[in-house]
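Data block below; observations after.
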Protein chains: 2
Amino acid sequence: MTKTKSSAATIRDVARQAGVSVATVSRYINHNAPVSAEVAARLETVMVELHYTPQANARSLATHRTHTLGLLMVDIAGDFFPPLLSGIEAVTYENGYDLLISSIREPERRRTFPLPVGPHNTDGLLVFADSLDAEGMQRFAASHFPLVLIHRSSPEGLIIPCVTVENKAASCTIVEHLIETHNRRRILFLQGPGEQEDSQWRELGYREALEKHNIPFDPALVAPGNFDRVIAYHSMQQLLARGVIFDAVFTGDDEAAVGALMALNEAGITVPDAVSVAGFDDQRMAPFLTPPLTTVRAPTEEVGRVAAQQLLSLIRTGQANPLTLLPTEIVIRCSCGCNS
Amino acid sequence: MTKTKSSAATIRDVARQAGVSVATVSRYINHNAPVSAEVAARLETVMVELHYTPQANARSLATHRTHTLGLLMVDIAGDFFPPLLSGIEAVTYENGYDLLISSIREPERRRTFPLPVGPHNTDGLLVFADSLDAEGMQRFAASHFPLVLIHRSSPEGLIIPCVTVENKAASCTIVEHLIETHNRRRILFLQGPGEQEDSQWRELGYREALEKHNIPFDPALVAPGNFDRVIAYHSMQQLLARGVIFDAVFTGDDEAAVGALMALNEAGITVPDAVSVAGFDDQRMAPFLTPPLTTVRAPTEEVGRVAAQQLLSLIRTGQANPLTLLPTEIVIRCSCGCNS
DNA sequence: CCGGTTACTGTAACCGGTTACAGTATAGCA
DNA sequence: TGCTATACTGTAACCGGTTACAGTAACCGG
């Protein structure tokens with residue numbers, strides 16, 4: 001311990017202490033050139049003694065790589081993100097990268113560049129849903145900055161790798177379940193936010209199921225759910241007040257299902273006897289609702305893992321799959337009328 | 001657009017294009033020295049034209065500040081983290097900092113330094129619960145690296161600012177509620193992980209409530225819950241199989257409450273008629289359990305906000321409150337016997 | 001009119017790593 | 001023996017910012 005300065009040891013301190021040049025130290029650290037066994041041993045000792053850790057900034061500056069992935073999201077809270085984040089984080093660290101997260105929460109989504117996360121501090125970006133507009137993507141794409149989109153597709157004219165889940169087929173299947181198994185014909189749809197792609201695909205699945213069974217699409221049976229508990233609740237109340245007749249509800253997501261169940265319950269309408277209910281996402285609360293919710297399970301953690309892997313591949317090789325569509329499965333509980 | 005090189009513009013490009021020196025550009029960017037109005041205008045134009053963004057690494061290297069906060073956690077998944085993370089992230093960005101997150105998930109918690117996050121890439125660290133052992137903290141503290149602990153207290157001999165919630169008083173209050181309002185006397189306690197401080201405080205609160213009402217503490221009424229659904233479920237099954245008599249259950253957290261409710265339900269024991277149940281945390285699913293769970297609400301997002309604020313204060317001024325204890329409140333639903 | 005302050009600007013060193021290039025020593029081979 | 005390939009090491013330039021220091025011009029008070 002010859003060092004008493006309060007600041008941390010640098011590579012030059014290590015070099016001096018071990019009696020070698022900084023180049024040798026660097027080579028030993030990065031294992032990119034042979035270093036004699038005795039020098040290696042000496043360096044190892046000195047490094048632990050000095051608690052030496054290479055400074056990330058200096059390294060990035062020299063190599064032009066930050067070894068950091070960025071994640072751009074809309075809102076961290078909510079049931080949806082933990083598994084997504086967990087998957088992303090896992091892959092990120094398995095590959096020795098850091099993860100910088102940033103959420104866009106301003107009311108009017110600011111696109112004021114520079115974003116908190118970008119080429120200036122990361123090697124690539126994971127972009128969730130509509131946390132970045134087409135112009136922003138265009139801008140990144142123009143400078144060939146690696147981008148992978150999660151739960152959305154490339155904007156017009158750009159080819160950016162996307163990772164998402166199969167929304168339409170699963171929606172169709174679950175609605176068909178309501179029709180075929182439970183004989184429902186007037187099925188409400190509480191749609192998600194209009195700009196959300198998941199939402200759009202789920203509506204298409206809903207329509208396809210109706211079509212397959214020759215049930216005419218009735219606009220009166222569609223109302224806003226917005227992936228939001230209270231909005232769905234109010235939509236439901238209004239529909240009931242207007243006396244709209246229906247025998248089932250398919251909600252854009254589980255949050256909306258919660259709101260729908262509350263409204264139905266308050267109105268004294270029994271689920272699933274009078275009305276079947278089905279959601280989408282299989283959030284953690286789904287099995288605990290009354291009745292337990294029939295819904296669609298999406299492999300969200302896997303989406304995170306795959307997205308991070310694709311981004312790393314894009315960074316390292318310049319190659320990534322244009323589209324990864326992960327399978328979903330419907331989980332039948334009681335709210336549709338089964339198991340009761 | 002004179003620039004055609006694919007790499008991003010540097011400060012020298014901006015300087016050349018605007019006909020000034022790099023020092024002037026830097027000063028304009030950082031507003032730390034006067035720059036003439038006309039030069040300022042010219043720089044503004046050039047900067048947007050070149051899409052110039054100062055590179056974070058180079059800046060950090062020169063200033064010795066990363067403008068990045070690190071977060072060390074145990075496990076990202078679970079209901080608990082989203083609000084915590086949300087609070088941390090909000091404050092971090094309000095202050096122009098970046099957030100680097102890292103979770104320690106290895107079976108045997110590796111303490112192999114360097115951690116993925118530390119002085120080499122951040123200005124300070126938020127440490128959640130036991131994601132870092134005493135030795136690790138000692139090490140950071142020795143080099144005066146800013147640290148703020150979340151949901152745990154300083155290890156012996158160190159003074160590190162802590163932010164957590166009032167566990168004991170709330171536990172005592174909710175157990176007293178079971179005793180006073182619902183006349184319960186044989187109250188099970190499903191304890192959390194032994195090393196978790198929250199868990200320990202909650203047990204102390206439980207014991208204090210018993211003591212206040214002259215109910216002797218009975219070790220037979222304590223079983224492992226581990227903040228885990230299935231462990232609590234099995235503990236409960238065993239207690240029932242052994243024929244232990246009880247009229248209420250206080251679980252270390254809501255996860256354990258879910259397991260307890262499942263076991264009770266399967267055994268045909270009605271809640272809250274035969275047995276009252278109370279949890280802790282007020283997780284998102286709590287109101288949807290059957291019956292809706294009486295529990296304690298902790299201001300988790302606020303914990304995140306305050307912790308980040310304290311860390312920033314520590315970084316900027318060297319000062320922070322040794323201990324911030326945020327208030328909790330009990331939320332009475334039905335599982336205790338109220339509102340039914 | 002002069003000395004001193006203020007407003008603004010430029011030059012160049014520096015932060016802590018990486019790496020191109022140059023060099024030495026030894027081994028292998030004819 | 002000489003010649004080349006290989007193993008290992010060092011010097012110094014470079015990455016893209018910041019900032020100490022120096023310098024010029026305008027302004028201000030007496």
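Labels below follow one simple rule: chain letters A, B, ... track the order of the sequence lines, proteins then strands, and each chain is numbered from 1.
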(request) Report the residues that fulfil ring pair (Phe, Tyr, Trp, His ring centres under 6.0 Å) with Phe140(A), sequence neighbours left out, ordered by chain and then residue number. (result)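 Ring pair (Phe, Tyr, Trp, His ring centres under 6.0 Å) list for Phe140(A), sorted by chain: Phe113(A), Phe145(A).
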(message) Phe128(A): which residues meet the ring pair (Phe, Tyr, Trp, His ring centres under 6.0 Å) condition with it, sequence neighbours left out?
(response)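 With neighbours one apart ignored, the set is Phe80(A), Phe81(A), His151(A).
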(request) Please list, chain by chain and in numerical order, all residues satisfying salt bridge (charged side-chain N to carboxylate O under 4.0 Å, His left out) with Arg59(B), sequence neighbours excluded. (result)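 Salt bridge (charged side-chain N to carboxylate O under 4.0 Å, His left out) list for Arg59(B), sorted by chain: empty.
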(message) Restricting to salt bridge (charged side-chain N to carboxylate O under 4.0 Å, His left out), what partner residues turn up for Glu44(A), sequence neighbours left out?
(response)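 Not a single residue meets the salt bridge (charged side-chain N to carboxylate O under 4.0 Å, His left out) criterion with Glu44(A).
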(request) Assign a letter to each nucleotide of nucleotides 10-21 of chain C from its 5' end: B, base within under 4.0 Å of a protein heavy atom; S, sugar-phosphate only; -, no contact. (result) BBB--BBBSB--
(message) Whether Ser36(A) contacts dT9(D) is assessed here as follows: a side-chain N or O lying under 4.0 Å from the phosphate OP1 or OP2. Is that the case?
(response)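 The answer is yes; a side-chain N or O of Ser36(A) sits under 4.0 Å from OP1 or OP2.
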(request) Please say which of Leu72(A), Ile104(A), Val74(A) ends up in a side-chain contact (heavy atoms from CB on, under 4.5 Å) with Leu132(A). (result)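 The passing option is Leu72(A).
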Quiz: residues 115-125 of chain A side-chain donor-acceptor pairs under 3.5 angstrom, not counting sequence neighbours:
from, atom 1, to, atom 2, distance (Å)
Asn121(A), OD1, Gly118(A), N, 3.0
Asn121(A), ND2, Pro116(A), O, 3.0
Asn121(A), ND2, Asp98(B), OD2, 3.0
Thr122(A), OG1, Gly118(A), O, 2.6
Asp123(A), OD1, Thr66(A), N, 2.7
Asp123(A), OD1, Thr66(A), OG1, 2.8
Asp123(A), OD2, Thr66(A), N, 3.2
Asp123(A), OD2, His67(A), N, 2.8

(request) Give DNA chain D the dot-bracket treatment, 5' to 3': Watson-Crick (N1-N3 with N6-O4 or O6-N4) or G-U (N1-O2, O6-N3) under 3.5 Å, [ ] crossing, | other strand. (result) ||||||||||||||||||||||||||||||
(request) Could you tell me which residues satisfy side chain to side chain contact (heavy atoms under 4.5 Å, CB included) with Thr324(A), sequence neighbours excluded, listed by chain and number? (result)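 Listed in chain order: Val163(A), Val306(A), Gln310(A), Asn321(A), Leu326(A).
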(request) Name all pairs fulfilling the side chain to side chain donor-acceptor pair (under 3.5 Å) condition that reach into residues 31-42 of chain A, sequence neighbours left out, sorted by first residue then second. (result)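 Not a single pair qualifies under side chain to side chain donor-acceptor pair (under 3.5 Å).
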(message) Without decimals, in angstroms, what is the distance between Glu38(A) CD and dA25(C) C1'?
(response)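 Nearest whole value for this atom pair: 14 Å.
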